[in-house]
Amino acid sequence: MSEALPKRSEDYSGWYNELVKRADLAENSEVRGCMVIKPYGYSIWEKMQQALDKMFKETGHTNAYFPLFVPKSLFEAEEKNAEGFAKECAVVTHYRLKTDPNNKGKLIVDPEAKLEEELIVRPTSEAIIWKTYKNWVQSYRDLPILINQWANVVRWEMRTRLFLRTAEFLWQEGHTAHATKEEALFETTQMLDIYATFAEQYMALPVVKGVKTENERFAGADDTYCIEALMQDGKALQAGTSHFLGQNFAHAFDVKYQSKEGKLEHVWGTSWGVSTRLMGALIMAHSDDDGLVLPPVLAPIQVVIVPIYKGDDGLKLISEKVQQIVEELKRKGISVKYDNRDTHKPGWKFAEYELKGVPVRLAMGQRDLENGTIEVARRDTKTKETLPVADVVPHIEQLLNDIQNNIFQKALEFRNSNITKVDNFEDFKKVLAEKGGFISAHWDGTNKTEDKIKELTKATIRCIPLDAVAEVGNCVYSGAPSSKRVLFAQAY
RNA sequence: CGGGGUGUAGCGUAGCCCGGUAUCGCGCCACAUUUGGGAUGUGGAGGUCGUAGGUUCGAAUCCUGCCACCCCGACCA
C-alpha cells in the first residue's frame with residue numbers, strides 16, 4: 001500500500017490494473033478471465049444499477065429473469081446471431097461427475113452423463129427470450145413487451161482485463177417486442193438516450209451517440225446504436241449499445257401477432273445493454289496518478305472525516321464535535337464515514353481515501369477545536385480550505401455538485417479537444433500515432449475501406465454520429481465521395 | 001491457435017549459469033513510543049521453491065514430461 005501507482009503517462013495499462021486492485025474494486029480470481037468484484041467496487045456498480053433501473057422503470061419497463069443456459073437448437077435459430085457468438089461460447093455437455101477409479105480423491109466427468117443436447121451458457125439472451133416471447137404473443141393486445149433483466153453472461157474471450165473485458169460479466173439486457181417498426185425504432189433511440197443521460201449525469205462521462213457500421217453491428221441486428229466515450233490514453237470505449245433487431249428474431253422464432261385488421265404480422269424487436277464495463281469507463285475517465293476520482297453521485301462514500309488527535313481524551317473531544325456533523329450530513333442524504341480507527345495515522349488515511357476516490361475529506365484536529373474550524377479537501381482538484389464548523393454542511397452540499405460538474409467539464413474538454421478533423425490519410429496516420437483520440441473523417445461507406453484502414457492503423461469506425469452534419473467530401477482513404485464525417489479511433 | 005516469457009511466504013523479489021535445505025522489501029502479529037500527508041524501534045509468525053518423474057550422497061538449482069499464468073499477434077461488450 002505504500003508504493004505509488006504507476007504513472008498514467010508512463011504505463012497507462014499498468015496504472016489502470018494497479019488502480020483497480022489497490023482501490024479495492026476488483027481482483028483476478030482463480031478462474032481464468034473471471035474477476036472477483038470486491039465490496040467497494042460492487043457498491044459503485046449497485047449505485048449504477050439503481051440509477052439505471054429507475055430510468056428503465058420510468059419508461060415502462062419491468063424486470064424479469066431468464067435461464068443461464070440456452071439449448072443449442074435455440075441458440076442456432078437466428079443464424080447471424082449464432083455465428084457472431086459461436087467462437088466464444090462456454091458449452092455444457094455433461095451433468096455429472098464421478099470419482100476417478102484410477103486416481104483416488106479426484107473427480108472425472110462421468111461419460112455416462114452426457115446431455116442429449118448441449119447447453120450454451122448465454123453470451124446474450126435473445127434466443128431464449130424470443131423463444132419465450134413466441135408463447136406470450138398472439139394479438140396486438142399482447143404488445144409491446146418491455147422487459148429488462150439483470151444478469152451475468154459468459155463470453156470466452158482470448159484476452160481479458162478487469163472490468164473492460166472479462167470472460168464472465170454482469171450486465172442488464174433489455175428485450176422488447178413491438179407491433180410496428182416505428183415503435184421499435186423509437187424504443188431503440190429512447191434507450192440510447194437513457195444511456196447517454198446516465199453516462200453524462202451520473203458518471204460525468206461525455207459520450208457521442210451514433211450508429212455502428214455494418215462491420216461493427218451486433219450479430220442479428222439491423223442497426224446498432226451506441227454511446228462512445230474517450231479514455232485518457234486516447235482510446236475509445238464503447239460504453240453501451242441499443243440494437244434495432246428488425247424482425248430478425250421474430251422470423252427465427254416465429255413470433256407473430258394478429259393485428260386489428262386480422263392480419264398475421266411478425267413483431268419488431270430491440271435489445272439494449274450496458275455492463276460492468278462501465279466501471280472500467282468510470283475508472284479511466286476521471287482518475288489520476290494518486291488514484292480513483294469518483295463522481296459524487298456514484299461514490300459509495302461521499303464524505304470521509306479523519307480525526308487528528310493526541311491520546312484517547314483528544315479523540316473523545318473531536319468525536320463529539322464530529323458526531324454532530326455526521327448526523328447533519330446524514331439528514332441531508334449525504335453518505336459519510338467517520339474513520340476513527342486508531343490503527344492508522346492520518347497521513348495514511350488521507351492517501352487511502354484519495355486512492356479510493358472519496359470526493360470530499362474533512363479533517364479535524366486540536367487546532368480546529370480551538371478555532372471552531374474544520375479542514376475541507378476535495379479529491380478532484382486536491383485543494384484544501386479551512387472553514388468554520390457552522391458553515392461546513394451547506395458548503396459540502398454545494399461542493400458535491402461542484403465536483404460532479406467539474407469532473408464532467410474536465411472530461412468534456414478533454415474529449416472535445418481530442419476530436420481531430422482529418423482530410424487525408426497521411427494526417428490520419430500521423431494524428432493517430434501522435435495524438436490519438438477520435439478522428440473525424442470522411443468515409444466512402446464500404447466495408448472494404450473500413451477493413452483496410454483497420455489493417456493499416458488498428459483504428460475502426462467507432463460510430464457514425466447521430467448529429468453528423470451533411471458535408472460534401474472525399475473518403476480519407478479511397479478518395480470516393482462521401483456526404484458526412486464518421487468517427488474513427490483505436491478502441492478497447 | 002502461432003511467437004516469446006514466467007512460476008520461490010499474502011504481494012513483489014534474490015538465489016539457478018557454477019548442486020550443500022532459501023535472500024531482501026512490503027504486508028501480517030505483539031509491545032512501546034507516536035498521530036496536521038503513507039511513523040519508529042524491539043521481538044515474532046509465515047515457504048511440500050507450480051507439478052510429476054529422473055540424475056546425484058545431496059536438487060529451488062541439472063534433465064524430461066505435464067499444468068498454470070503473463071506478454072505480443074489473430075479475436076472481442
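Within every chain, numbering begins at 1; the chains are lettered A, B, ... in the order of the sequence lines, protein sequences first and strands thereafter. Please read all numbers here as calculations on a predicted model, not as lab measurements.
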Among [options], the one nearest [X] by side-chain distance:
X	options	answer
A:Glu88	B:rU35, B:rG37, B:rC76	B:rC76
A:Tyr309	B:rG37, B:rG36, B:rU35	B:rU35
A:Arg165	B:rC75, B:rU35, B:rA77	B:rA77
A:Ile308	B:rG37, B:rG36, B:rC76	B:rG36
A:Ser275	B:rG38, B:rA77, B:rG36	B:rA77

Could you tell me the Watson-Crick or G-U partner of [N], where both distances fall under 3.5 Å? Say none if there is no partner.
N	value
B:rC18	none
B:rG46	none
B:rU13	none
B:rC67	B:rG7
B:rA60	none
B:rG73	B:rC1
B:rG41	B:rC31

Please report the distance, rounded to the nearest Å, between [atom1] in [X] and [atom2] in [N].
X	N	atom1	atom2	result
A:Asp342	B:rA32	CG	P	12 Å
A:Ile305	B:rG36	CD1	C1'	16 Å
A:Arg22	B:rG27	CZ	P	12 Å
A:Trp348	B:rC28	CH2	C1'	13 Å
A:Lys345	B:rU35	NZ	C1'	5 Å
A:Asn28	B:rC11	CG	C1'	14 Å
A:Asn81	B:rA77	CG	P	12 Å
A:Arg367	B:rG37	CZ	C1'	12 Å

Test A:Glu228 against every option in A:Lys212, A:Lys209, A:Arg415 by the side-chain hydrogen bond (donor to acceptor under 3.5 Å, both in side chains) rule and name the one that passes.
A:Lys212
So does [Y] get a backbone contact from the side chain of [X], meaning a donor-acceptor N/O pair under 3.5 Å?
X	Y	result
A:Asp451	A:Lys448	no
A:Tyr492	A:Met231	no
A:Lys349	A:Asp339	yes
A:Arg379	A:Tyr353	no

Mind checking if [X] touches a base, just sugar-phosphate, or nothing, with heavy atoms under 4.0 Å?
X	value
A:Arg341	nothing
A:Glu157	base
A:Thr343	nothing
A:Asp368	base
A:Leu237	nothing

For atom [atom1], what is the distance between [N] and [M], given to the nearest Å?
N	M	atom1	answer
B:rG20	B:rA32	P	44 Å
B:rG10	B:rU48	P	8 Å
B:rC67	B:rC57	P	32 Å
B:rG4	B:rA22	C1'	29 Å
B:rU61	B:rU21	P	14 Å
B:rC16	B:rU23	P	15 Å
B:rU6	B:rG12	C1'	14 Å
B:rG50	B:rC70	C1'	14 Å

5'-most by nearest nucleotide on RNA chain B - A:Phe169 or A:Lys384:
A:Lys384
First encountered from the 5' end of RNA chain B, between A:Lys454 and A:Glu375
A:Glu375
Which class fits the ring pair A:Trp348 and A:His344: parallel under 30°, tilted 30 to 60°, perpendicular over 60°?
parallel
Would you call the rings of A:Trp150 and A:Trp45 parallel, tilted or perpendicular if under 30° counts as parallel and over 60° as perpendicular?
perpendicular
Any chance the rings of A:Tyr195 and A:Phe198 have centres within less than 6.0 Å?
no
Answer with yes or no whether A:Gln366 presents, from its side chain, a donor or acceptor under 3.5 Å of a partner atom in the base of B:rG36.
no
N or O in side chain of A:Lys458 less than 4.0 angstrom from B:rG73 OP1/OP2
yes
